[in-house]
Amino acid sequence: MPKMKTNSSAKKRFKLTGTGKIARKSAFKSHILTKMSTKRKRNLTHTTLVSDADMGNVKRMLAIGK
């Protein structure tokens with residue numbers, strides 16, 4: 001059996017935490033930021049975890065487990 005290939009775009013966007021969860025960056029922080037409040041932009045800076053509903057798809061793209 002050949003090895004599973006890691007999705008190239010996924011490996012740039014997601015990071016595995018020490019406890020085995022998957023971290024991601026918040027969306028809506030790339031352009032057209034002038035209309036956003038400073039508070040909203042600041043809160044989008046932080047990383048968050050991938051939701052349970054998307055966990056299977058992301059793990060498949062990263063070729064981790066099942």
Atom pairs and distances, side-chain donor-acceptor, residues 6-15, under 3.5 Å, sequence neighbours left out:
{"unit_1": "N7", "atom_1": "OD1", "unit_2": "S9", "atom_2": "N", "d": "3.0"}
{"unit_1": "N7", "atom_1": "OD1", "unit_2": "S9", "atom_2": "OG", "d": "2.7"}
{"unit_1": "N7", "atom_1": "OD1", "unit_2": "A10", "atom_2": "N", "d": "3.2"}
{"unit_1": "R13", "atom_1": "NH1", "unit_2": "S9", "atom_2": "O", "d": "3.1"}

Mind checking what makes side-chain contact (heavy atoms from CB on, under 4.5 Å) contact with S51, not counting sequence neighbours?
A53, D54
For residues 43-50, which side-chain donor-acceptor pairs fall under 3.5 Å, sequence neighbours excluded?
{"unit_1": "N43", "atom_1": "ND2", "unit_2": "K39", "atom_2": "O", "d": "3.3"}
{"unit_1": "T45", "atom_1": "OG1", "unit_2": "K29", "atom_2": "NZ", "d": "3.2"}
{"unit_1": "T45", "atom_1": "OG1", "unit_2": "K41", "atom_2": "O", "d": "3.1"}
{"unit_1": "T45", "atom_1": "OG1", "unit_2": "R42", "atom_2": "O", "d": "3.3"}

Working to the nearest 0.5 angstrom, can you tell me the gap between I64 CD1 and L16 CG?
5.0 Å
Can you get from M4 to L62 by hopping between Ile, Leu, Val, Met, Phe, Trp and Tyr side chains that sit under 4.5 Å apart?
no
